[in-house]
Amino acid sequence: AQTVTQSQPEMSVQEAETVTLSCTYDTSESNYYLFWYKQPPSRQMILVIRQEAYKQQNATENRFSVNFQKAAKSFSLKISDSQLGDTAMYFCAFINTGNQFYFGTGTSLTVIP
Amino acid sequence: GAVVSQHPSRVICKSGTSVKIECRSLDFQATTMFWYRQFPKKSLMLMATSNEGSKATYEQGVEKDKFLINHASLTLSTLTVTSAHPEDSSFYICSASVPAGREQYFGPGTRLTVT
């Protein structure tokens, strides 16, 4: 079975500081995609960053970067220079070659001014 | 690019009536659309996967006769909640997938309240 685990239900960070959200997954496949989505209070799901499993280089998008450890099946999200607008639920997601999408349970991040 | 709209954003209906929610991909063609239900402070629960021109695939435990899904075109999928009951009150979210990158793009969601 394929699962996605986010072990931090809630986190907080001071504005301008850096925070890392953890995500682990379980799969027997070698080719897949991983994503981080953000859901702010408006509840609109927004794609933050994506990583293709066959790419060793960690994806980055401005202040957002990932630490992808394929052997450990770990996919953490680092947010640098945290801003108040980063306050949201963050979901880690995995999609396999069969196009089956799996979401983690989410991490509620609060940026403190 | 990759914008998904959803209509209505909020709907209140009486118990026993049916409600239709529309999901549109505005600037791309979506061969596959997904319907999710989200409870407060919980993750998204996949209800069904909808492919254009074919019957939707429902997840275990989701009643296909109660949650009717139609994907008539590459840009439109609809979810009809039939004979709604208060326990159907929830936040419903659709998404459309982009085959090349595999990611899903989400609509803004519909808040359904059944009184």
Side-chain angles (χ1 to χ4, degrees), chain A residues 1-11 21 23 25 27 29 31-55 59 61 64 66 75 87-110, chain B residues 1-10 21 23 25-28 30-52 54 56-60 71 90-113:
Chain A
Q2 286 155 137
T3 59
V4 179
T5 301
Q6 292 179 249
S7 59
Q8 306 150 315
E10 295 182 355
M11 292 192 73
L21 310 183
C23 173
Y25 57 94
T27 182
E29 299 190 18
N31 195 21
Y32 47 87
Y33 293 76
L34 294 159
F35 308 93
W36 277 97
Y37 282 89
K38 167 185 176 180
Q39 189 179 38
S42 68
R43 303 194 77 172
Q44 169 74 61
M45 293 281 284
I46 301 166
L47 177 65
V48 175
I49 200 164
R50 64 192 292 270
Q51 174 81 43
E52 295 157 52
Y54 63 86
K55 289 187 176 179
E61 283 289 338
F64 299 88
V66 298
F75 182 61
T87 292
M89 280 288 288
Y90 286 82
F91 293 100
C92 178
F94 163 99
I95 187 169
N96 62 13
T97 52
N99 268 346
Q100 291 175 302
F101 218 81
Y102 300 88
F103 279 97
T105 51
T107 296
S108 177
L109 176 67
T110 301
Chain B
V3 177
V4 176
S5 70
Q6 207 171 320
H7 178 79
S9 58
R10 289 176 177 266
I21 303 169
C23 178
S25 57
L26 297 185
D27 50 1
F28 66 100
T31 53
T32 305
M33 287 185 169
F34 304 83
W35 287 95
Y36 295 87
R37 184 172 179 176
Q38 187 179 31
F39 294 100
K41 299 191 177 182
K42 297 291 185 183
S43 188
L44 281 68
M45 182 186 79
L46 180 64
M47 298 174 66
T49 302
S50 165
N51 289 298
E52 185 264 338
S54 61
T57 302
Y58 289 82
E59 294 298 303
Q60 192 173 7
H71 193 162
S90 192
F91 193 68
Y92 293 88
I93 307 175
C94 74
S95 72
S97 68
V98 180
R102 300 292 189 96
E103 59 261 40
Q104 293 184 20
Y105 290 93
F106 289 82
T110 297
R111 161 69 62 197
L112 170 64
T113 303

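Chain identifiers are assigned alphabetically (A, B, ...) following the order of the sequence lines, protein sequences preceding nucleic acid strands; residue numbering begins at 1 within each chain. These numbers come from the heavy atoms of this one structure, side chains and all, not from hydrogens, waters or symmetry mates.
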Problem - Distance, nearest 0.5 Å, that separates CZ of A:F101 from OH of A:Y33 - result: 12.0 Å
Handout entry: Contact origin within A:E52 toward chain B - heavy atom pairs under 4.5 Å
Key = neither
Problem - Residue, of B:L46, B:V4, B:L44, B:I93, that accumulates the most heavy atom pairs under 4.5 Å with chain A - result: B:L44
Problem - Winner by heavy-atom pair count (cut-off under 4.5 Å) against chain B, out of A:M45, A:Q39, A:R43, A:Q44 - result: A:R43
Exercise for the section: Describe, in one word, how the ring planes of A:F94 and A:Y102 are oriented to each other, choosing from parallel (under 30°), tilted (30 to 60°) and perpendicular (over 60°). Expected result: tilted
Completion exercise
One option among B:K42, B:R111, B:Q104, B:Q6 has the most heavy-atom pairs under 4.5 Å with chain A, and it is B:Q104
Exercise for the section: Over 60° means perpendicular and under 30° means parallel, so classify the ring planes of A:Y25 and A:Y32, tilted if in between. Expected result: perpendicular
Exercise for the section: Would you mind checking which part of A:Y37 comes under 4.5 Å of any heavy atom in chain B, side chain (CB onward), backbone (N, CA, C, O), both or neither? Expected result: side chain
Exercise for the section: Give the ring-plane orientation class for A:W36 versus A:F75, where under 30° counts as parallel, over 60° as perpendicular and anything between as tilted. Expected result: parallel
Practice task
Please round to the nearest 0.5 Å and tell me the distance separating atom OG1 of A:T107 and atom CG of A:L21.
Solution key: 5.5 Å
